[in-house]
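Okay, structure first, notes after.
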There are 2 protein chains.
Amino acid sequence: MPAKRTAPSARRSGPQPTPAELRERILSATRELLRGRRFDDLSVADVLAAAGVSRASFYFYFPSKQAVLGELVRDAVAQGQQAARPWIAQEKDPIAALRAGVSDGARLWRENAGVLMAIVESWGSDEGLRDLWLEQMDTFTEAAAARINADPHARERLGSMDVRAVAASLTWMGERLYYLAAAGVPPFDDERVLIDTLTNAWTSALYGATVTRAEAVRGRADKPRSGT
Amino acid sequence: MPAKRTAPSARRSGPQPTPAELRERILSATRELLRGRRFDDLSVADVLAAAGVSRASFYFYFPSKQAVLGELVRDAVAQGQQAARPWIAQEKDPIAALRAGVSDGARLWRENAGVLMAIVESWGSDEGLRDLWLEQMDTFTEAAAARINADPHARERLGSMDVRAVAASLTWMGERLYYLAAAGVPPFDDERVLIDTLTNAWTSALYGATVTRAEAVRGRADKPRSGT
DNA sequence: AGGAGACCATACATAGTGTATGGACATCAA
DNA sequence: TTGATGTCCATACACTATGTATGGTCTCCT
């Protein structure tokens with residue numbers, strides 16, 4: 001009997017020309033295809049053709065199309081965890097840090113639009129993707145909640161509000177707005193509007209401050225200016 | 001040649017036992033099935049069985065499964081337009097009206113959870129549903145923006161922020177939170193938390209007021225006080 | 001050399017969508 | 001009554017997609 005379906009993990013003892021780089025080829029082909037097509041318009045056959053891999057090999061490495069997406073999402077989000085780092089770590093003026101985090105989020109979404117749009121559109125239809133995405137959102141929520149609780153100003157402003165819930169609502173609002181931006185839905189297709197609006201939502205909820213665009217642009221810590 | 005595929009609309013001259021109540025049966029069967037199952041776990045065959053209608057009849061009245069959902073959504077959202085009425089019409093204290101609107105939204109979502117969850121999960125994958133949903137969200141956004149512009153207090157608070165964008169962000173945040181609540185995702189599965197959080201998001205963005213839960217519960221019916 | 005593991009080609013079972021065909025039956029007009 | 005029209009049903013088909021199964025090939029390692 002052929003291919004006894006053993007674990008595809010480390011099993012070899014010596015070097016090999018193409019150990020499991022097929023796995024990588026599948027991942028990156030999927031990532032590329034997702035750049036121009038929606039996840040459920042993407043068939044396994046398409047991935048096969050793009051990756052130059054056989055059907056059998058595909059299913060040897062991944063149990064399903066969804067599993068591939070899951071892995072791509074984990075990769076992408078791992079970067080995202082760092083985007084919120086500055087604000088979380090209380091490294092500088094909270095509002096400036098918040099804006100920086102929102103901007104980094106926008107960049108992350110711009111660079112991984114295909115993958116992230118795919119997960120947002122699909123986590124409702126697949127148990128595994130659902131768990132993955134809820135866990136990711138929860139991680140962000142948890143971090144934001146901890147940060148809020150450590151900030152007397154924000155803490156006081158929220159009064160008896162459920163801090164966790166406020167953090168979650170802002171996190172999910174971000175998910176929605178970034179998605180809409182990636183999908184080209186106005187007015188969020190304009191990155192400046194996206195960042196201003198999202199930053200404002202966070203600051204007005206936590207600090208009661210409304211940062212106008214003018215102030216925002218002036219107060220921007222870094223220099224990643226968007227188009228014109 | 002049989003069934004010449006004429007328009008299914010009013011074509012008859014006299015009374016008939018079952019003119020097009022089949023159409024209605026299909027709609028309500030789908031609505032019921034959606035109460036316990038996700039839209040894409042629902043096959044046309046399931047609807048056929050539940051409605052007691054043949055496959056041919058189904059496709060005589062509807063071009064697709066999505067079209068049925070579209071019609072159900074229009075029905076449900078028509079009620080929703082009224083939920084926002086009090087605040088939009090400036091009928092009373094804006095914060096109280098806002099909370100009332102958010103509560104009505106929650107009720108609407110509770111009563112039409114199946115249909116609304118279905119559209120939220122599916123508008124990304126179908127052109128028609130996408131247009132429908134974006135149009136609905138736009139209607140809410142437009143109304144909110146108009147209301148904000150008519151309110152000097154809110155208008156001033158937003159400074160140079162893009163009013164339309166702020167209105168859209170709050171609308172979409174609502175979409176997300178109601179959906180999460182319907183899907184049973186904590187902490188929004190607790191309706192009190194959902195309403196408090198969402199109301200707070202609107203009030204803190206527009207009026208700079210944070211309404212705590214205690215105040216909220218006390219003032220729920222008619223006269224809440226704004227925070228601080 | 002020969003065995004094992006990685007890979008491929010192909011075919012299959014299953015399930016879903018939307019279309020096509022032909023027939024049953026009721027109403028209405030003549 | 002007859003026949004045309006229009007509504008509806010049963011069934012079958014064409015197509016697409018997923019995930020599995022079978023067997024063969026190549027290459028490296030021992």
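Computation of the quantities below employed the complete heavy-atom set of this structure, encompassing side-chain atoms and omitting hydrogens, waters and symmetry-equivalent molecules. Letters go in sequence order (proteins before strands), and every chain restarts at 1.
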[X] with [Y]: basic N within carboxylate O range, under 4.0 Å:
X: A:R23; Y: A:E71; result: yes
X: A:D162; Y: B:R192; result: no
X: B:R38; Y: A:D126; result: no

Between A:D46 and A:S43, does any side-chain donor sit less than 3.5 Å from a side-chain acceptor?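 On atom types as modelled, these side chains qualify, holding a pair under 3.5 Å.
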
Going by distance alone, is a donor N or O of one side chain under 3.5 Å from an acceptor N or O of the other, for A:S57 and A:S54?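 Short answer, yes.
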
Where each residue is assigned the nucleotide of DNA chain C containing its nearest heavy atom, which of B:R55 and A:V53 is assigned the position nearer the 5′ end?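 In this pair, the answer is A:V53.
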
Comparing nearest nucleotides in DNA chain C, the 5'-proximal residue of the pair A:S54, B:A45 is A:S54

Atom-to-atom span, [atom1] of [X] to [atom2] of [N] - whole angstrom:
X: B:L22; N: D:dT7; atom1: CG; atom2: C1'; value: 8 Å
X: A:K65; N: D:dG19; atom1: NZ; atom2: P; value: 8 Å
X: B:D40; N: C:dA15; atom1: CG; atom2: P; value: 17 Å
X: A:R25; N: C:dC8; atom1: CZ; atom2: P; value: 7 Å
X: A:L48; N: D:dG19; atom1: CG; atom2: P; value: 12 Å
X: A:F62; N: D:dT20; atom1: CZ; atom2: P; value: 15 Å
X: B:F58; N: C:dT19; atom1: CZ; atom2: P; value: 11 Å
X: B:F60; N: D:dG6; atom1: CZ; atom2: C1'; value: 8 Å

Judged by each residue's nearest nucleotide on DNA chain D, which is more toward the 5′ side, A:D41 or A:A56? A:D41

Among [options], find the nucleotide with the atom closest to the side chain of [X].
X: A:V44; options: D:dT18, D:dA10, C:dT17; answer: D:dT18
X: B:S57; options: D:dC9, C:dA6, C:dG18; answer: D:dC9
X: B:S43; options: C:dT17, C:dC8, D:dT7; answer: C:dT17

Does a side-chain N or O of A:Y59 approach OP1 or OP2 of D:dG19 to a distance below 4.0 Å, or not? yes

